[in-house]
Amino acid sequence: QVHLVESGGGLVQPGGSLRLSCVASGSILSIVVMGWYRQAPGKERELVASINSGGSTNYADSVKGRFTISRDNAKNTVYLQMNSLKVEDTAVYYCKAGVESRTNFAYLEVWGQGTLVTVSS
């Protein structure tokens, strides 16, 4: 079993900043990729940013220059620093990880439970 736990969501004013964290735990041999997705009310879930084990990153156009994804491999943790937040960034943010299981060497895709980010004045 592999689990992801997100934290750091909350209410922030437009132009403000938040940092999300996601910690992976369980039977982990290696974490291949970690990413953040978001889902706004009435919309489909979308990729926000991802980072692979080598540190290569990928961002949605809507957050480039404002959000930064990073990871601490020793802590099995991924972060999302969100600056210059906009009302349209309001959503539930989900962490996702692609993990090689220590138990059976299977590749697993695991989701966290989500954390709400609300950008409002």
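We're numbering straight along the sequence, starting at 1.
Between Leu80 and Thr68, the closest side-chain pair of non-hydrogen atoms is not below 4.5 Å. Within the 4.5 Å cutoff, side-chain heavy atoms of Leu85 are placed close to those of Phe67. Residues Ile28 and Asn76 form a side-chain contact, since some pair of their non-hydrogen atoms from C-beta on lies under 4.5 Å apart.
For the atom pair Leu108 CG and Ser101 OG, the distance stands at 5.5 Å (nearest 0.5 Å). Here His3 contributes atom NE2 and Gln113 contributes atom CD; the two are 11.5 Å apart, rounded to the nearest 0.5 Å. A distance of 9.0 Å separates OG of Ser50 from OH of Tyr59, quoted to the nearest 0.5 Å. Here Ser53 contributes atom OG and Ile31 contributes atom CD1; the two are 10.0 Å apart, rounded to the nearest 0.5 Å. Atom CG in Leu11 sits 6.5 Å away from atom OG in Ser120 (nearest 0.5 Å). Remark: Lys96 NZ to Glu109 CD distance equals 4.0 Å, nearest 0.5 Å.
Distance alone, capped at 3.5 Å, is enough to place a donor-acceptor pair between the Arg66 side chain and the Ser84 backbone. Of the possible donor and acceptor atoms, none in the side chain of Thr118 sits under 3.5 Å from a partner among the backbone N and O of Thr90.
Stacking of Arg71 on the aromatic ring of Tyr79 is not recorded, the 6.0 Å distance cut-off and the 45° axial limit not both being met.
Defined by atom type and a distance below 3.5 Å, a donor-acceptor pair is present between the side-chain atoms of Ser30 and Glu100.
Salt bridge absent: Lys86 and Asp89 never bring a charged side-chain N and a carboxylate O closer than 4.0 Å.
Considering only residues two or more places apart in sequence or on other chains, Glu46 meets the side chain to side chain contact (heavy atoms under 4.5 Å, CB included) condition with Arg38. By the side chain to side chain donor-acceptor pair (under 3.5 Å) test, Asp72 pairs with no residue at all, sequence neighbours left out. With sequence neighbours left out, the side chain to side chain contact (heavy atoms under 4.5 Å, CB included) criterion links Thr115 to Glu6, Leu20, Tyr93.
Between Pro14 and Ser121, the closest heavy-atom pair is CD-N, 3.7 Å. Minimum heavy-atom separation, Tyr94 to Gly114: CD2-CA, 3.6 Å. Of all heavy-atom pairs between Ser27 and Val2, the closest is O-CG2, 3.9 Å. Scanning both residues, Val78 and Cys95, for their nearest heavy atoms gives CG1-SG, 3.8 Å.
Note: the hydrophobic cluster containing Val12 also contains Trp36 (ILVMFWY, side chain heavy atoms under 4.5 Å, direct or indirect links).
Counting non-hydrogen atoms of neighbouring residues, nucleotides and ligands closer than 6.0 angstrom, the CD atom of Gln1 reaches no more than 12 such neighbours.
Ring centroid separation for the pair Trp111 and Tyr37 comes in under the 6.0 Å cut-off.
A side-chain contact (heavy atoms from CB on, under 4.5 Å) with Ile69 is found for exactly one of Val48, Asn58, Thr57, namely Thr57.
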